[in-house]
Number of protein chains: 2
Amino acid sequence: MTDSVGIVKTEYAEFDIELQLESGRLLGPITLAYETYGRLDPAKSNAVLVCHAWTGDAHAAGRHTAEDRKPGWWDDMIGPGKVLDTERYFVICSNVIGSCKGSTGPTSVNPRTEKPYNLSFPVIMVRDMVRAQKLLIDHLGLDSLLCVIGGSMGAMQALEWGIHYPQMVRSIIPIAGTGRTSPMAIALNALARQAIFNDPMWKKGNYKTEHPPSDGLALARAVGHISFLSDASMHLKFGRRFSARDGMFDFFGQFEVERYLEYNGGSFVERFDTNSFLYLAKALDLYDVAWNFDGLEDALSHLRCPSLWFAFSSDWLYTPDQPEQIVKTLQALGKPASYHLVQSDYGHDSFLVEPEKFTHLIVEFLDRLQ
Amino acid sequence: MTDSVGIVKTEYAEFDIELQLESGRLLGPITLAYETYGRLDPAKSNAVLVCHAWTGDAHAAGRHTAEDRKPGWWDDMIGPGKVLDTERYFVICSNVIGSCKGSTGPTSVNPRTEKPYNLSFPVIMVRDMVRAQKLLIDHLGLDSLLCVIGGSMGAMQALEWGIHYPQMVRSIIPIAGTGRTSPMAIALNALARQAIFNDPMWKKGNYKTEHPPSDGLALARAVGHISFLSDASMHLKFGRRFSARDGMFDFFGQFEVERYLEYNGGSFVERFDTNSFLYLAKALDLYDVAWNFDGLEDALSHLRCPSLWFAFSSDWLYTPDQPEQIVKTLQALGKPASYHLVQSDYGHDSFLVEPEKFTHLIVEFLDRLQ
């Protein structure tokens with residue numbers, strides 16, 4: 001695999017501070033899990049920060065061991081000669097706070113009680129995630145980021161970076177993002193939450209790690225899965241095929257789309273913590289770029305750098321009109337913002353499924369920056 | 001209320017037969033709950049059959065007592081001088097088999113065991129519902145129906161009537177319908193099902209009526225509710241307003257859209273049986289007009305009467321392309337089919353929320369028939 005970053009290792013940075021959150025509460029100490037790929041140039045001018053989505057992690061590229069079945073979640077994009085070319089760029093990806101993938105979150109031990117936070121973990125916003133990431137960027141000795149890029153929740157982080165650290169950020173690329181979460185997206189997350197709350201194993205967040213609310217979390221994940229797909233992609237993938245193992249008139253008989261959702265929900269339980277899922281869902285719901293500003297224009301007026309936006313025609317979760325509104329506002333403010341509506345049938349997940357449809361535009365954009 | 005049909009009474013017709021279902025199983029005896037409004041003309045030529053949606057019932061118009069807070073579910077449409085003018089038409093509405101609103105369904109007592117059917121009730125298809133309704137129409141001494149009309153699952157029934165009883169049916173009006181349920185709609189129903197299956201109170205369908213799986217059914221209903229609304233209607237109705245009673249950073253704090261879903265799910269539990277909900281969901285999922293035909297064209301070739309179709313621009317459950325495919329096929333077969341795409345922001349529910357946008361077309365259509 002000449003185009004792979006090879007074997008990589010997750011690093012952990014510890015910050016013995018009390019971070020003031022948007023809610024007014026304090027969180028500390030803070031651990032951030034992160035990985036880096038490529039080398040920082042002597043001028044420290046080639047750092048690209050990759051921000052992950054809801055259930056993502058710091059492991060964006062390469063493999064942890066030679067035996068790993070799968071590489072990092074954005075390995076298609078990151079590596080020698082790839083879109084985020086590690087021969088040219090120093091790529092950083094860190095796990096957000098609130099997650100369960102190495103950074104401080106509800107599964108972490110609260111040093112004051114010596115017990116896991118569970119629901120005593122504070123509600124966080126995307127802005128808080130970015131504020132914590134800033135600690136890491138400082139820790140790495142960087143005073144500028146060539147680009148902050150991410151899809152979905154990663155797009156929100158990219159936009160927050162651009163607005164809150166305009167002196168550091170030289171460009172942002174929000175992909176399949178939104179300026180604020182729609183009531184439809186909130187409603188879908190409400191289903192996911194309720195699925196977990198209904199599970200007696202959840203115990204108001206005080207489940208034991210070895211006995212998570214599996215049924216509830218699997219159903220919650222299935223809600224998410226549906227919202228990441230599209231009518232068209234389900235037609236392509238499943239149509240109306242009925243499971244070959246079931247009788248069509250069995251009460252418990254399943255269409256293939258059902259079996260798929262069930263299987264994926266079940267496998268998710270093995271890799272993600274329920275409380276983290278809930279805290280991150282909450283952060284998504286609360287996301288509004290205009291939070292604590294005098295409206296959208298005021299918020300966006302703080303962005304100084306060029307931005308490159310992508311939306312996907314079949315994305316019904318963060319519908320294209322949402323980033324379009326942001327881009328129009330930016331352009332009205334005289335900011336250099338460009339926007340591409342990518343025709344794809346794969347819904348919100350299009351950015352992961354059909355990267356070849358838009359990544360050449362990212363390469364050109366980054367080329368123009370340097 | 002001069003435009004009301006006034007006080008009405010649900011009637012019950014009993015059929016001591018064994019109805020052969022599409023699955024091959026037999027169901028009998030069968031009770032059908034129904035109501036009628038207006039008077040049959042001497043030529044028996046003015047009967048209009050109204051078919052209800054998923055959780056509907058036979059009570060389409062008027063009130064059961066003067067104290068009733070609400071009239072029947074389509075009271076806007078049925079009454080003296082209304083679209084289905086009871087001075088002119090003899091209007092019939094019957095509850096489908098599988099439901100819990102008076103017709104034979106999983107809550108009924110199986111005369112062979114003297115216990116409620118629960119999950120021993122057979123899986124039914126929409127075609128079976130129509131076959132049972134046919135018993136009622138015969139029982140009422142009718143040999144023709146001026147029109148069969150309905151929305152959503154009612155539209156499916158209207159189409160089945162037209163295809164399977166072409167000698168009786170003089171017109172059909174399917175509203176917000178589909179020729180076959182899409183994988184997206186099936187996937188949403190799969191969430192609803194799993195929400196119920198996850199509830200320990202469900203007990204594989206053997207819950208006691210007084211202890212239903214309330215949490216599961218409420219969540220299942222919330223899934224349905226979301227699919228009946230649209231992004232636009234949620235923006236209009238809720239926006240991103242946060243509940244005034246909750247703190248924004250409370251872990252259990254809710255947006256208004258969440259509170260609405262929770263409230264409506266809870267109230268639904270009081271009025272609908274869980275197993276019925278599941279059997280009707282299954283019937284919806286299995287719906288395919290081409291079932292047991294040699295494809296769509298073959299199925300539609302049996303329709304003889306004029307049909308009038310309505311779809312709604314923001315309906316993402318039964319997307320407009322679904323009825324459009326049917327209408328195109330009908331037209332290619334030389335059948336008199338007309339189609340109207342109604343611009344409405346209210347999603348699948350538009351047909352109930354904004355009837356004024358299309359009902360004049362129904363009046364004209366019916367006028368031309370007589």
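Keep in mind that the numbers below use all heavy atoms, side chains included, and drop hydrogens, waters and symmetry copies. Chain letters run A, B, ... following the sequence lines, proteins first, then strands; residues in each count from 1.
With a threshold of 4.5 angstrom between heavy atoms, B:L191 approaches chain A through its backbone and through its side chain. For chain A, no part of B:D199 is nearby; none of its heavy atoms comes within less than 4.5 Å. At a 4.5 Å heavy-atom cutoff, the contact between B:E262 and chain A is made by side-chain atoms alone. When heavy atoms are compared at a cutoff of 4.5 Å, B:M248 approaches chain A by way of both its backbone and its side chain. In this structure, chain A has heavy atoms under 4.5 Å from both the backbone and the side chain of B:T181. No part of A:R25 comes within reach of chain B, as not one of its non-hydrogen atoms sits under 4.5 angstrom from that chain. Neither the backbone nor the side chain of B:R241 comes within less than 4.5 Å of any heavy atom in chain A. Neither the backbone nor the side chain of B:P122 comes within less than 4.5 Å of any heavy atom in chain A. Contact of A:L286 with chain B is made through backbone and side chain together, with heavy-atom distances under 4.5 Å.
The number of heavy-atom neighbours closer than 6.0 Å to CD of B:E18, taken from other residues, nucleotides and ligands shown, is above 12.
Using a 3.5 Å distance cut-off with no hydrogens or angles, the side chains of B:H348 and B:S227 do not pair a donor with an acceptor. Of the N and O atoms on the side chains of A:T319 and A:Q322, at least one donor lies less than 3.5 Å from an acceptor on the other residue.
Tested against B:F255, the residues B:Y260, B:F238, B:F242 include a single ring pair (Phe, Tyr, Trp, His ring centres under 6.0 Å) partner, B:F242.
Using a 30° and 60° split on the angle between ring planes, B:F197 and A:F251 fall in the tilted class, from 30° to 60°.
Among A:V257, A:L21, A:I226, A:I124, the residue making the largest number of heavy-atom pairs under 4.5 Å with chain B is A:I226. In terms of non-hydrogen atom pairs under 4.5 Å with chain A, the most contact-rich of B:D288, B:L229, B:N189 is B:D288. The greatest number of non-hydrogen atom pairs below 4.5 Å with chain B, out of A:A190, A:G239, A:S23, A:S182, is found for A:S23. Of the residues considered (A:H235, A:R240, A:M184), A:R240 shows the highest number of contacts with chain B, using heavy-atom pairs under 4.5 Å.
Geometrically, B:K204 engages A:F252 in a cation-pi contact, judged by NZ or CZ lying under 6.0 Å from the ring centre and within 45° of the ring axis.
Of all non-hydrogen atoms in A:W202 and A:N275, the two that sit nearest each other are NE1-OD1, 3.1 Å.
Aromatic pair A:F228/A:Y346: ring centres not closer than 6.0 Å.
In summary, B:D285 and B:K282 do not engage in a salt bridge, as defined by a charged side-chain N under 4.0 Å from a carboxylate O.
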